[in-house]
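Below is one structure. I have some questions about it.
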Amino acid sequence: MCGIVAYIGDQKVNDLLLTGLKRLEYRGYDSAGLAVVADDKLHVKKKEGKVDELVEAIETDHQPESTLGIAHTRWATHGNPSDVNAHPHTNAAGDFALVHNGIIENYDVLRKNLEEKGYEFKSETDTEALVHLIDDVRKETDLSLPEAVRQALTQVVGTYGIAVVSANDPDLLIAARKGSPLLLGVGEGENFVASDAAPLVEHTRKVVYLNDGEIATVRRDGFDVKTIGDEELEKEIHELEWDLGQIEKGGYEHFMLKEIMEQPNALEECMRGRLLLEDNTVHLGGLTDVMDELREAERIILVACGTSWHSALVGEYLIEYFTRIPVEVEYASEFRYRHPILHEDDMVIAISQSGETADTLAAVREAQDRGATALGVVNVVGSSIARETDAGVYLHAGPEIGVASTKAFTGQVMVLTLLAMKLSEERGTLSKEKRAECLQAIADLPDKVRRELERDEEIAEMSKVYRYADNFLYLGRGYNFPVALEGALKLKEISYVHAEGYPAAEMKHGPIALVTRFMPVIFIAMKDSTYDKVKSNIEEVIARDGSVIAITDADNHELDDMCEYVMRVPETMEFLLPLLTVVPLQLLSYHMAVLRGCDVDQPRNLAKSVTVE
């Protein structure tokens, strides 16, 4: 979950690396550091805290300029955030340095063996064991640094994305990947290495995606890629879709607010070329080759983590209702450890914003190993899940920088909605007339979300009343039960307020014991098939002197006198409600976090892309 950026070329590297780290800081922000090669020496500077702390330290100490360097922003795994545990890590002689994303699972064994050989460890990190291992291989074999790195990696158990530079090889940058994303940025007389595209887009759109078990030797004028087994490879150069404006705040105070406000456009991009009203159909080109298997599937299993798991729950409701195919939703982190029963006619759909979520990627591989077809629903083009699944659908939501996911959630729900519509057509479970009505309702959604976003100031004012509340309860039924879970997660993630989501009917089976005047209860009470039941649940809370906030239809005033606040959303068909009811909950959590002085885009202990288990 850490961020890596490295450069070799003719540009001055310090500002380039530091800017790159700022663009990667959503991947980790416990500490940061860089190493540059200048005057035949390796110069390392690292600092606990965010990248700004590193910038200040470099300005104070006048770090020398160079045209070769590596940099890292950390999300701590082994060892607390500190200067000494920050990357890069160096060998004892201080002539080469390494940055690492991932976990070396056998580092205890490696460390013990290296300590017996006289190596001294300064940090608590697993990464330092890899640095000394490379140094030991180089000394014992007299190999070149690239070859020593390759040989050392054959002894490593675990995951890694690494970049290495040496004072003795000032025209060389080494990168390798297994289980942690890494890509090369290809320029003219310069090349880059990064853990994702964010630090590259202002310099080049040409990228090469490294696969697991590959190592790249990068020079100013080119690069070579081999397998860890020493087999030479020819790599395809891809074109990035992102542009610089998409990864900047664009005048918003926070990326999260920008991304909430981008949702109407993101939904339109997700539908573009797929929702074909004139033909009364949905076209999902990425699934063409597997549509026959999908149509005949006996079971669909959705695997995901966090917010993506909540979108999968919505997908379960959608696909089962419209297609009558049984659907199961699994936590990807638990999927492979419970020895799942899979068959060749099962379809496993992995959902992940980044396409690099370690647990979800592992679930994909488990499914494929057991003979099932694996599909991907991801946002990042060229990501590991996109490349390893048998087929899939991109969200096209644009870069999501805020750690707390917003537009990716609505994008995922939209893709699953389109998939349900397509499968209902393929299986003949929906009449042409009903399908036309549904597709038109889908097409109308972006404008309805725009109308919701116009109430941002109203929700900001309401948030002031609840800013000091320490506990919230979120309740919904049917399609809106997963939205209750997602709303609670958003509040926890960025406001550090304890919140729980439940099906509204489950309130009576325990959570109602928590209800007091000082514990706000948020009900998603749309006038759908469960409205009367939810309204009864509201009355139960009020009878216990609870504080109720309701989300309901724009023209529903039955709850006005019952609730302290009512947030209204435009009407739509019941199966589309999650795409509307989630928006006020996103805004509520955002404004609560701002009022409580929290770091909205970089909440404590979290990182955007979870690439370790």
Side-chain angles (χ1 to χ4, degrees), residues 3-21 32-46 54 57-58 61-72 86-100 127-128 130-139 141-153 160-177 182-195 199-200 203-204 208 210 214-226:
I4 292 172
V5 60
Y7 175 79
I8 183 168
D10 57 11
Q11 295 189 56
K12 290 183 178 180
V13 78
N14 282 357
D15 286 345
L16 186 151
L17 293 178
L18 292 171
T19 300
L21 286 185
L34 59 75
V36 300
V37 175
D39 304 321
D40 299 321
K41 294 181 181 178
L42 190 66
H43 301 267
V44 178
K45 177 63 66 175
K46 48 190 187 174
L54 177 64
I58 288 173
D61 295 346
H62 304 293
Q63 181 88 349
E65 278 292 358
S66 171
T67 58
L68 168 65
I70 57 177
H72 187 270
H87 298 216
H89 291 282
T90 63
N91 63 331
D95 59 11
F96 81 87
L98 178 148
V99 292
H100 167 227
T127 302
E128 193 177 2
L130 179 55
V131 173
H132 293 317
L133 177 63
I134 295 169
D135 195 42
D136 187 56
V137 169
R138 187 175 61 165
K139 287 177 179 176
T141 60
D142 198 32
L143 293 172
S144 66
L145 185 59
E147 190 62 18
V149 171
R150 188 184 70 80
Q151 292 278 5
L153 290 176
Y160 54 80
I162 63 170
V164 184
V165 292
S166 170
N168 301 321
D169 295 282
D171 298 311
L172 206 59
L173 170 63
I174 303 160
R177 175 232 164 107
L182 213 60
L183 60 157
L184 309 181
V186 181
E188 295 290 335
E190 61 181 5
N191 288 294
F192 306 78
V193 173
S195 46
L200 303 182
H203 302 288
T204 181
V208 170
L210 293 184
E214 294 182 353
I215 181 170
T217 302
V218 185
R219 303 172 300 277
R220 288 173 173 79
D221 60 352
F223 60 89
D224 300 309
V225 180
K226 294 182 177 181

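The figures that follow rest on heavy atoms only: side chains count, while hydrogens, waters and symmetry mates do not. Predicted, not measured: the structure shown is a model, and the values here were computed from it.
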**OP:** For Lys41, check side chain to side chain donor-acceptor pair (under 3.5 Å) against everything at least two apart and list the hits.
**Re:**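 Scan of Lys41 (side chain to side chain donor-acceptor pair (under 3.5 Å), adjacent residues dropped) gives none.
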Subject >> side chain to side chain contact (heavy atoms under 4.5 Å, CB included) against Asp171, all qualifying residues, sequence neighbours excluded >> reply: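 In terms of side chain to side chain contact (heavy atoms under 4.5 Å, CB included), with neighbours along the sequence ignored, Asp171 is linked to Arg220.
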Subject >> CD1-CG distance between Ile174 and Leu153, expressed to the nearest 0.5 angstrom >> reply: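 Between Ile174 CD1 and Leu153 CG, I get 10.0 Å after rounding to 0.5 Å.
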Subject >> Criterion side-chain contact (heavy atoms from CB on, under 4.5 Å) on Leu143 and Gln151, from CA distance to verdict >> reply: CA-CA 9 Å; Leu143 293 172; Gln151 292 278 5; 3.6 Å; yes
Subject >> Test item: Asn168 and Leu145 side chains (from C-beta on) under 4.5 Å apart, heavy atoms >> reply: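 Side chain of Asn168 against side chain of Leu145, heavy atoms only: no contact under 4.5 Å found.
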Original post:
So, for Ala35 and Val44, which heavy atoms are closest and what is the spacing to 0.1 Å?
Top reply: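 Heavy-atom minimum between the residues: CB-CG2, 3.8 Å.
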Original post:
Glu214: what forms a salt bridge (Lys or Arg N to Asp or Glu O under 4.0 Å) with it, not counting sequence neighbours?
Top reply: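 By the salt bridge (Lys or Arg N to Asp or Glu O under 4.0 Å) rule, Glu214 matches Lys235.
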Original post:
In chain order, what residues pass the side chain to side chain donor-acceptor pair (under 3.5 Å) check against Arg138, with sequence neighbours excluded?
Top reply: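 Checked Arg138 against side chain to side chain donor-acceptor pair (under 3.5 Å); matches are Asp95, Asp135.
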Subject >> Contacts of type side chain to side chain contact (heavy atoms under 4.5 Å, CB included), residue Glu188, not counting sequence neighbours >> reply: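 Testing Glu188 for side chain to side chain contact (heavy atoms under 4.5 Å, CB included), a comparison that skips the adjacent residues, returns none.
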**OP:** Determine the minimum heavy-atom distance between Thr90 and Ala97, stating which atoms define it.
**Re:**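 In this case the closest contact between Thr90 and Ala97 is CG2-CB, 3.8 Å.
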Original post:
For the atom pair OH (Tyr7) and CD1 (Ile70), what is the distance rounded to the nearest 0.5 Å?
Top reply: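 Interatomic distance, Tyr7 OH to Ile70 CD1, rounded to 0.5 Å: 15.5 Å.
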**OP:** Report yes or no: does Asn91 contribute a side-chain atom to a donor-acceptor pair with the main-chain N or O of Val131 at less than 3.5 Å?
**Re:**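 No.
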**OP:** Using the test side chain to side chain contact (heavy atoms under 4.5 Å, CB included), find all partners of Lys45 that sit at least two apart in sequence or belong to another chain.
**Re:**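 Listed in chain order: Leu54, Ala57, Ile58, Asp61, Gln63.
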**OP:** Mind checking salt bridge (Lys or Arg N to Asp or Glu O under 4.0 Å) for Asp15 and listing every partner two or more places apart, or none if nothing turns up?
**Re:**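 Partners of Asp15 under the salt bridge (Lys or Arg N to Asp or Glu O under 4.0 Å) test: none.
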Subject >> Heavy-atom closest contact (Gly3 atom, Leu21 atom, distance) >> reply: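 Nearest heavy atoms, Gly3 then Leu21: O-CD2, 4.4 Å.
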**OP:** Nearest 0.5 Å please: distance from the CG atom of Leu182 over to the CG atom of Leu210.
**Re:**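 That separation rounds to 5.5 Å.
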**OP:** Please assess Arg219 against Leu172 for the test side-chain contact (heavy atoms from CB on, under 4.5 Å), listing each intermediate value before the final yes or no.
**Re:** CA-CA 5 Å; Arg219 303 172 300 277; Leu172 206 59; 4.1 Å; yes
Original post:
His72 side chain to His100 main-chain N or O, any donor-acceptor pair under 3.5 Å?
Top reply: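 Side chain of His72 to backbone of His100: a pair is present.
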**OP:** For residues Gly94 and Leu42, report the shortest heavy-atom separation together with the two atoms involved.
**Re:**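 Taking every non-hydrogen atom into account, O-CB, 3.5 Å.
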Original post:
By salt bridge (Lys or Arg N to Asp or Glu O under 4.0 Å), which residues pair with Asp142, not counting sequence neighbours?
Top reply: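 Once residues adjacent in sequence are excluded, Asp142 has no partner under the salt bridge (Lys or Arg N to Asp or Glu O under 4.0 Å) criterion.
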Original post:
Minimum heavy-atom separation for Ala152 to Leu133, with atom names?
Top reply: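 Answer, listing the atom of Ala152 first, then Leu133: O-CD2, 3.5 Å.
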**OP:** For His203, check side chain to side chain contact (heavy atoms under 4.5 Å, CB included) against everything at least two apart and list the hits.
**Re:**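 By the side chain to side chain contact (heavy atoms under 4.5 Å, CB included) rule, His203 matches Gln11, Leu16, Phe192.
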**OP:** Indicate yes or no for a side-chain donor-acceptor contact from Ser195 to the backbone of Ile4 under 3.5 Å, with no hydrogens or angles considered.
**Re:**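 Between the backbone of Ile4 and the side chain of Ser195 there is a qualifying donor-acceptor contact (under 3.5 Å).
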Original post:
Yes or no on side-chain contact (heavy atoms from CB on, under 4.5 Å) for Leu184 and Asn191, after CA distance, side-chain angles and deciding distance?
Top reply: CA-CA 7 Å; Leu184 309 181; Asn191 288 294; over 6 Å; no
**OP:** Quick one: list whatever passes salt bridge (Lys or Arg N to Asp or Glu O under 4.0 Å) with Asp169, sequence neighbours left out.
**Re:**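 Residues passing salt bridge (Lys or Arg N to Asp or Glu O under 4.0 Å) with Asp169: none at all.
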**OP:** Search all heavy atoms of Pro64 against all heavy atoms of Ala38 and return the closest pair with its distance.
**Re:**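 Closest heavy-atom pair between Pro64 and Ala38: CB-CB, 4.2 Å.
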**OP:** For residues Val149 and Leu98, determine if any side-chain heavy atom of one lies less than 4.5 Å from a side-chain heavy atom of the other.
**Re:**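 The answer is no, as the side chains (C-beta and beyond) never meet within the 4.5 Å cut-off.
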Subject >> Interatomic distance, Ile8 atom CD1 to Leu68 atom CG [nearest 0.5 angstrom] >> reply: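 The CD1 atom of Ile8 sits 5.0 Å away from the CG atom of Leu68.
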Original post:
Does the Ser66 side chain pair with the main chain of Val13, one donor and one acceptor, at a distance under 3.5 Å?
Top reply: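 Side chain of Ser66 to backbone of Val13: no pair is present.
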Subject >> Test item: Thr217 side-chain N/O and Asp224 main-chain N/O as donor-acceptor pair under 3.5 Å >> reply: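 Between the backbone of Asp224 and the side chain of Thr217 there is no qualifying donor-acceptor contact (under 3.5 Å).
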Original post:
Taking only residues two or more places apart in sequence, or in another chain, which ones meet His89 in a ring pair (Phe, Tyr, Trp, His ring centres under 6.0 Å)?
Top reply: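 With sequence neighbours excluded, His89 shows a ring pair (Phe, Tyr, Trp, His ring centres under 6.0 Å) to His87, given in chain and number order.
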